Engineer: 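Before I ask anything, let me first share the structure, which is written out below as structure tokens.
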Amino acid sequence: MATIYQDRVITAPVATPENQPFYDAAARGELLIKRCLACGEHHYHPRAICPHCFSDQTEWVVAQGVGTIYTVSVSRRVLPTAYAIAYVTLAEGVSMMTNIVDCDLDALAIGQAVRVVFKPSEGGPPVPMFTPV
Amino acid sequence: MSLKRQACIVGIYEHPTRKAPDKTIAQLHAEVAHGALADAGLSFRDIDGYACAGDAPGLGPLAMIDYMNLRVRHMDSTDTGGSSYLIHVMHAAEAIATGKADIVLVTLAGRPRSEGSSGTVPRNFGANAPDVPFELPYHAVTLNQYAMAAKRHMYEYGTTAEQLAWVKVAASHHAQHNPHAMLREVVTVEDVVNSPMMSDPLHRLDCCVVSDGGGAVILARPEIARSLNKPVINLLGAGSAIKGLNGGDIDLTYTAARFSGPSAFAEAGVTPADIQYASIYDSFTITVIMQLEDLGFCKKGEGGKFVADGNLISGVGKLPFNTDGGGLCNNHPANRGGMTKIIEAVRQLRGEAHPRVQVPNCGLALAHGTGGVISSRHGSATLIMERA
């Protein structure tokens, strides 16, 4: 069995003062995450205050955009088209919720290597999704 | 101070409706309050504390206390989704133990079935919820977020679809005796794994029902409880915790029950092996397996083996669970199953469960709830109760 990915309408994320740089970068094709200048840890989703040490000294960094699938589920009876929701663990160590796209959804597996792609949202900024390497 | 034996559950009521398009949510709250007062043998004027969560309309306690015309000195609107009501019980016991209340009412009610709300619709709390922009575009719904936790649990521990199915099988064996249950047909492991795949690895029969309805509990000081005509049910211990995504350093194989459970057991001075009956939140089959592990009924990763072969079926297995049929078969009012978990545990302790599922001489029971979403943000709460 194969379930080939089909594009769907993606609900636009609402940019906020705290996450605007993330979506500005997405429009340029870059995946931004946050790193703490005090403890050195990366975190996701991005916040003004580090969730690991609570320092207010955090900076945006461009992620490599590669990672592995931590978990994935293909939802078949939620939308008219099947889609794969996942958590991907980035090379920087943080995991993010995402969709896996542009592939056979039935062939996806935990541990699989993926890279970021950006998909347009409906009336908003593009959102980072991932596809098998 | 300890909450051990500081407060008793004196009234319970589960609304018999499973679909109520002809009733308002406020009305359902008042009807379950009415039922619990009758069960306790108390008047609404006896109530001096009230709690409800986000299923209540308006500003919760403000709307409902005015609507029911209660006069209270303790109020609580803690909202951790479906586990809220167990936390309300804990807070009510704290208020009673410290003299801030004598008799506390907790209500839950909702109409998701009439309103078309289910676990396949994204929860959009608005852009001010900091996680929403990073989850809504991916069409995260309750169903697929529990599926992701199940998938990882299978990957790490070898849990199987058949083991998940056993949870539903056990619930269905109990629901056959509950005339109010939405799904009363006994199902087999094969029925579950052959039902339509919703979001792998969860099949349709791995999911709870969507129902209207509600429930209420009333707590009171032990002296008051002893003056009433029902068996005295003591709260022995309680615990609560919230687990999130830890800044992106995630582990989706456990729940906040890992923290709420030991807290409740320590306060009660008992161990999982002492528990004769357990109400375990069953939004999905995986929820039960993970919580049983986290509460210490088995080792981490062995929940699948623990639930297999009917081990949760009353009269068959070692740990009878959800003898009303639970969320998987009976009801899941307001998409929040914590209240009915408390109610069935109290029925068991009173000896009021259906005779075919009643645990003989049930003296010690646990009720556990999980609210929110197991693979992102959720609140867990554990109550341990005894028949005095």
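In what follows, every chain begins at residue 1, and chains take the letters A, B, ... in the order their sequences are listed. Model, not experiment: these values are computed from the prediction.
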Engineer: At a heavy-atom separation under 4.5 Å, does A:M96 approach chain B through its side chain, its backbone, both, or neither?
Structural biologist: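 The side chain, not the backbone.
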Engineer: For the residue pair B:T255 and B:S380, what are the closest heavy atoms and their distance?
Structural biologist: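 In terms of heavy atoms, the two residues are closest at OG1-OG, 4.3 Å.
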Engineer: Tell me whether B:D282 contacts the main-chain N or O of B:L328 through its side chain, where contact means a donor paired with an acceptor under 3.5 Å.
Structural biologist: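 Yes, because the side chain of B:D282 sits within donor-acceptor range (under 3.5 Å) of the backbone of B:L328.
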Engineer: Shorter than 4.5 Å, heavy atoms on both sides: which option in A:V14, A:V74, A:I10, A:I33 has the most such pairs with chain B?
Structural biologist: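 Winner by heavy-atom pair count: A:V74.
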Engineer: Compile the donor-acceptor pairs, distance criterion under 3.5 Å only, formed between chain B and chain A.
Structural biologist:
| unit_1 | atom_1 | unit_2 | atom_2 | d |
| --- | --- | --- | --- | --- |
| B:P133 | O | A:Y23 | OH | 3.1 |
| B:P137 | O | A:R8 | NH2 | 2.7 |
| B:Y138 | O | A:N99 | ND2 | 3.1 |
| B:Y138 | OH | A:P128 | O | 2.7 |
| B:H139 | O | A:Y83 | OH | 2.7 |
| B:N144 | ND2 | A:S75 | OG | 3.1 |
| B:N144 | ND2 | A:Y83 | OH | 3.0 |
| B:M148 | O | A:T71 | OG1 | 2.7 |
| B:K151 | NZ | A:V72 | O | 2.8 |
| B:R152 | NH1 | A:Y70 | O | 2.8 |
| B:M197 | O | A:R77 | NH1 | 2.5 |
| B:M198 | O | A:R76 | N | 2.9 |
| B:S199 | OG | A:S73 | OG | 2.6 |
| B:S199 | OG | A:S75 | OG | 2.8 |
| B:D200 | N | A:S73 | OG | 3.3 |
| B:D200 | N | A:V74 | O | 3.3 |
| B:D200 | O | A:S73 | OG | 2.6 |
| B:D200 | OD1 | A:V74 | N | 2.5 |
| B:G247 | O | A:Y44 | N | 3.0 |
| B:G248 | N | A:Y44 | O | 3.2 |
| B:G248 | O | A:S95 | N | 2.8 |
| B:L252 | N | A:Y70 | OH | 2.9 |
| B:S375 | O | A:Y87 | OH | 2.7 |

Engineer: Do you know which of A:A84, A:P46, A:A15 has the most heavy-atom pairs with chain B at a distance under 4.5 angstrom?
Structural biologist: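 Maximum pair count with chain B is reached by A:P46.
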Engineer: Give me the contact list for residues 181-190 of chain B versus chain A, heavy atoms only, anything under 4.5 Å, ordered by residue number.
Structural biologist: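 Residues in range: none.
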Engineer: How far does CZ of B:R113 sit from CG of B:N335, to the nearest 0.5 angstrom?
Structural biologist: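 Spacing of CZ (B:R113) from CG (B:N335) equals 12.0 Å.
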Engineer: Quick check for you: to the nearest 0.5 Å, what is the distance between B:L252 atom CG and B:M148 atom CE?
Structural biologist: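 Those atoms lie 7.5 Å apart.
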Engineer: As an exercise: rank B:A140, B:A147, B:P130 by heavy-atom pairs under 4.5 Å with chain A and give me the winner.
Structural biologist: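 Counting heavy-atom pairs under 4.5 Å, the top option is B:P130.
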Engineer: Heavy-atom count around B:K305 NZ within 6.0 Å, excluding the residue itself: above 12?
Structural biologist: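 At most 12 heavy atoms, drawn from other residues, nucleotides or ligands, come within 6.0 Å of this atom.
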Engineer: To check you understand the geometry: which heavy-atom pair defines the closest contact between B:G247 and A:P51, and what is its length?
Structural biologist: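 Reported closest heavy-atom pair: CA-CG, 3.9 Å.
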Engineer: Are A:I69 and A:V114 packed together at the side-chain level, in the sense that at least one heavy-atom pair is separated by less than 4.5 angstrom?
Structural biologist: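 Heavy-atom side-chain distance check passes, below 4.5 Å.
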Engineer: Is it true that a side-chain atom of B:S211 and a backbone atom of B:H332 form a donor plus acceptor pair closer than 3.5 Å?
Structural biologist: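 Side chain of B:S211 to backbone of B:H332, a donor-acceptor pair under 3.5 Å: yes, one is there.
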Engineer: Could you give the distance from CD (B:Q291) to OG1 (B:T370), rounded to the nearest 0.5 Å?
Structural biologist: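 If we round to the nearest 0.5 Å, B:Q291:CD and B:T370:OG1 are 3.5 Å apart.
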Engineer: I need the minimum non-hydrogen distance between A:L31 and A:L90, along with the two atoms involved.
Structural biologist: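 Minimum heavy-atom contact is CD2-CD1, 4.0 Å.
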Engineer: Looking at B:S83 and B:T80, would you say the former's side chain and the latter's main chain have a donor-acceptor pair under 3.5 Å?
Structural biologist: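 At least one qualifying donor-acceptor pair exists.
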Engineer: How about A:L37: does its CG atom have over 12 heavy atoms from other parts shown lying under 6.0 Å from it?
Structural biologist: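 Yes, because the 6.0 Å sphere around CG of A:L37 holds more than 12 heavy atoms from other groups.
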Engineer: What is the minimum heavy-atom distance between B:A381 and B:I87, and which atoms define it?
Structural biologist: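 Where B:A381 meets B:I87 most closely, the heavy atoms are CB-CG1, 3.5 Å.
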Engineer: Report which part of B:L202 has an atom under 4.5 Å of a heavy atom belonging to chain A: side chain, backbone, both, or neither.
Structural biologist: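 Interface part for B:L202: neither.
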Engineer: So which of A:V9, A:I110, A:V78 has the biggest tally of heavy-atom pairs under 4.5 Å with chain B?
Structural biologist: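 Going by pairs under 4.5 Å, I would pick A:I110.
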Engineer: Go through the atoms of B:P196 and report whether side chain, backbone, both or neither lie under 4.5 Å from a heavy atom of chain A.
Structural biologist: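 Both backbone and side chain of B:P196 come within 4.5 Å of chain A.
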